[in-house]
Amino acid sequence: MLALLDGNNFYVSSETVFRPALAGLPVVVLSNNDGCVISRSDAARALGIKMGAPWFKVSHLADSDGLVALSANFPLYGDISDRMMSLAAGLGPAQEIYSIDECFVSLDGIPGDLVDRARRVRARILKWIGIPCCVGIGPTKTLAKLANHIAKNAERKPGSYPAHLAQVCHLGAMPQAELLDLMASTAVGEVWGIGRRIEAQLQEANIRTARDLATADVPTIRQRWGVVLERTVRELQGVACLQLDEQPAPKKEIACTRSFGHPVTTLPELLEAITEFATRAAVKLRDQQSLANQVMVFAHTSPFRSGPRFSRSCVTPLSRPTADTRRLVAAGVAGMRKIYESGYLLSKAGVMLLDLQDDKIEQGALALEPESKDQTVLMGTLDEVNRRYGRGTVTVGSAGTSNKPRGWEMKQARRTPAYTTDWNDLAITRA
DNA sequence: TCTGGGGTCCTAGGACCC
DNA sequence: TCTGGGGTCCTAGGACCC
């Protein structure tokens, strides 16, 4: 048996831990450059704000309905996530951290009432960390996910599911008929692995609910949609196709990409951005002890606006695998110089490190080269300094860039939330 | 005015080989 | 003029996830 535990409205809940007066208010957390909504409180959801909604389309709700918007603070969310995960691990013998706000936990060999156990862990997370969460339990990952969906909605939308399934829902210990009823109340698009496209195709084939999918003809599914959907169907039937992965493999590619705060048109500005992206990606690369063999860069104009379109990418092979920021930046800059063309309002660019390998494989071969040893020491020192004194304390320059304020970074100071917290009485007052 | 960022897996089709 | 069958590898693109 497996549990899926996840934090409700995780980013908003994390903010609320430090600003309790936000509780109950319509609150959203916005993406980079305050572009779009990436987390909503229940009250914000009730205002009809969709996940991913562009901020400029919903910002009027700040005036009309007191919607509070906050810029994302990822270091905070990461820290709260670590604490939540360590308590969630108490559910069972093995844990897979699936994303910043959710984890699967194996319940194998756990004696006693699993629902009671889950409720106690949930209560502990709420009390010690301040994050409300829900737990779904089932014999497969897909069923645990479904159980979690039921647990959340039974709480959030009373009447959608039986009230006793709120917060903790165990699908592995109920009669088949009851399980099928719950599935019949669940739209097929809510099933883990069914996105918009597949949902539309399933609808057309008259498969509308989770129950329809769970009872569909497997060979037909496989033939028309392939193995991925077949696995989902089998998982819904209780046959585990996806294993718990306690130690996720190292990343096969590492990216750093950003939308610009305002359109970028000049090469120097673009190269500055590429230098920063490559630098950040290089840190991630060293953190997982990998080396890259290729550097890919891309830039494009906004897909949402009219005007001349530009979208190009360039892969630069490296002469030998490396994790040296200077080499990675140089390759990225060289690639961008190749594809850049003036006359376009670029909205986004990025760097991806590809064809990664374990750095230990290379160590033997390169140990003889004094230069590579120096690189390793230098990069280790760089990472340590930046860890201790903050990212960007020591950076690598690249030709054509300067250390002027980075115009591409921030749209402008829309980061000020519409409300501020008065720390004395924790009341929310209009800024 | 203003639309996120970072991943994974699968498939189809082409190139190439014997 | 006639021109097999099967395998592998690579890449681009599609779809999904949070």
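Since this is a predicted model, take the numbers as computed values, not measurements. Numbers restart at 1 for each chain; the letters A, B, ... are given by sequence-line order, proteins then strands.
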- Distance between P atoms of B:dT3 and C:dC18 (Å, rounded): 25 Å
- Task: Take the protein atom CZ of A:Arg231 and the nucleotide atom P of B:dT8, then report the distance between them rounded to whole Å.
- Result: 16 Å
- Please state whether the phosphate of B:dG5, meaning OP1 or OP2, lies under 4.0 angstrom from any side-chain nitrogen or oxygen of A:Ser31. no
Anything under 3.5 Å between a donor and an acceptor, one on a side chain of residues 227-244 of chain A, the other on a protein residue two or more places apart or in another chain? List them.
residue  : atom : partner  : partner atom : Å
A:Glu230 : OE1  : A:Arg222 : NH1          : 2.9
A:Glu230 : OE2  : A:Arg234 : NE           : 3.2
A:Glu230 : OE2  : A:Arg234 : NH2          : 3.2
A:Thr232 : OG1  : A:Val228 : O            : 3.4
A:Glu235 : OE1  : A:Lys141 : N            : 3.4
A:Glu235 : OE1  : A:Thr142 : N            : 2.9
A:Glu235 : OE1  : A:Thr142 : OG1          : 2.7
A:Glu235 : OE2  : A:Cys241 : N            : 2.7
A:Glu235 : OE2  : A:Leu242 : N            : 2.9
A:Gln237 : NE2  : A:Ala214 : O            : 2.9

- Item | Contact residues, residues 218-229 of chain A to DNA chain B [heavy atom, < 4.0 Å] | A:Val227, A:Val228
- Message: I want to check one thing: is the phosphate of B:dG6, taken as OP1 and OP2, less than 4.0 Å away from some side-chain N or O of A:Arg258?
- Response: yes
- Message: Base contacts versus sugar-phosphate-only contacts with protein, heavy atoms under 4.0 Å: please encode nucleotides 12-18 of chain C as B, S and - from 5' to 3'.
- Response: ---SSSS
- Item | A:Lys251 NZ - B:dC9 C1' separation (whole Å) | 14 Å
- Residue set satisfying side chain to side chain donor-acceptor pair (under 3.5 Å) with A:Arg208, at least two apart, ordered chain then number -> A:Gln203, A:Asn206
Identify each donor-acceptor pair in which a side-chain atom of residues 294-306 of chain A lies under 3.5 Å from a protein atom, sequence neighbours left out, and give them as a table.
residue  : atom : partner  : partner atom : Å
A:Thr301 : OG1  : A:Phe310 : N            : 3.0
A:Thr301 : OG1  : A:Phe310 : O            : 3.3
A:Ser302 : OG   : A:Phe304 : N            : 3.0

- Rounded to whole Å, CD of A:Glu276 lies from C1' of B:dG5 at a distance of 14 Å
- Return each pair, listed once, that meets side chain to side chain donor-acceptor pair (under 3.5 Å) where at least one residue sits in residues 72-89 of chain A; pairs must be two or more places apart or across chains. A:Glu15-A:Tyr77, A:Asp79-A:Arg83
- Query: Just the dot-bracket of DNA chain B, please: which string comes out with Watson-Crick or G-U pairs under 3.5 Å, [ ] for crossing, | for another strand?
  - Reply: ....||||||||||||||
- With the threshold set at 4.0 Å, does a side-chain nitrogen-carboxylate oxygen contact exist between A:Arg312 and A:Glu341? yes
- Task: Sequence neighbours left out, what passes side chain to side chain donor-acceptor pair (under 3.5 Å) with A:Ser41? Give chain and number order.
- Result: none
Please list, one pair per line, the donor and acceptor atoms closer than 3.5 Å that link side chains of residues 183-197 of chain A to other protein atoms, with sequence neighbours excluded.
residue  : atom : partner  : partner atom : Å
A:Ser185 : OG   : A:Asp181 : O            : 3.1
A:Thr186 : OG1  : A:Tyr161 : OH           : 2.7
A:Thr186 : OG1  : A:Leu182 : O            : 2.9

- With A:Asp287, which residues qualify under side chain to side chain donor-acceptor pair (under 3.5 Å), at least two apart? none
- Item | 5′-ward residue of the pair A:Ala249/A:Cys36 relative to DNA chain B | A:Cys36
- Task: Name all residues meeting the side chain to side chain donor-acceptor pair (under 3.5 Å) criterion together with A:Asp101; count only those two or more places apart in sequence or in a different chain, and write none if there are none.
- Result: A:Ser99
- Between A:Thr257 and A:Pro263, who's closer to the 5' end of DNA chain B by nearest nucleotide? A:Pro263
- Where do A:Lys57 and A:Lys50 land on the side chain to side chain contact (heavy atoms under 4.5 Å, CB included) test, with the steps shown first? CA-CA 11 Å; A:Lys57 285 192 178 173; A:Lys50 297 269 182 292; over 6 Å; no
- Query: Residues two or more places apart in sequence or in another chain: which of them pass side-chain contact (heavy atoms from CB on, under 4.5 Å) with A:Asp108?
  - Reply: A:Ser106
- Message: What is the distance, to the nearest angstrom, from the CZ atom on A:Phe304 to the P atom on B:dC2?
- Response: 12 Å
- Task: Using atom CD1 of A:Ile38 as one end and atom P of B:dG6 as the other, report the distance to the nearest whole Å.
- Result: 12 Å
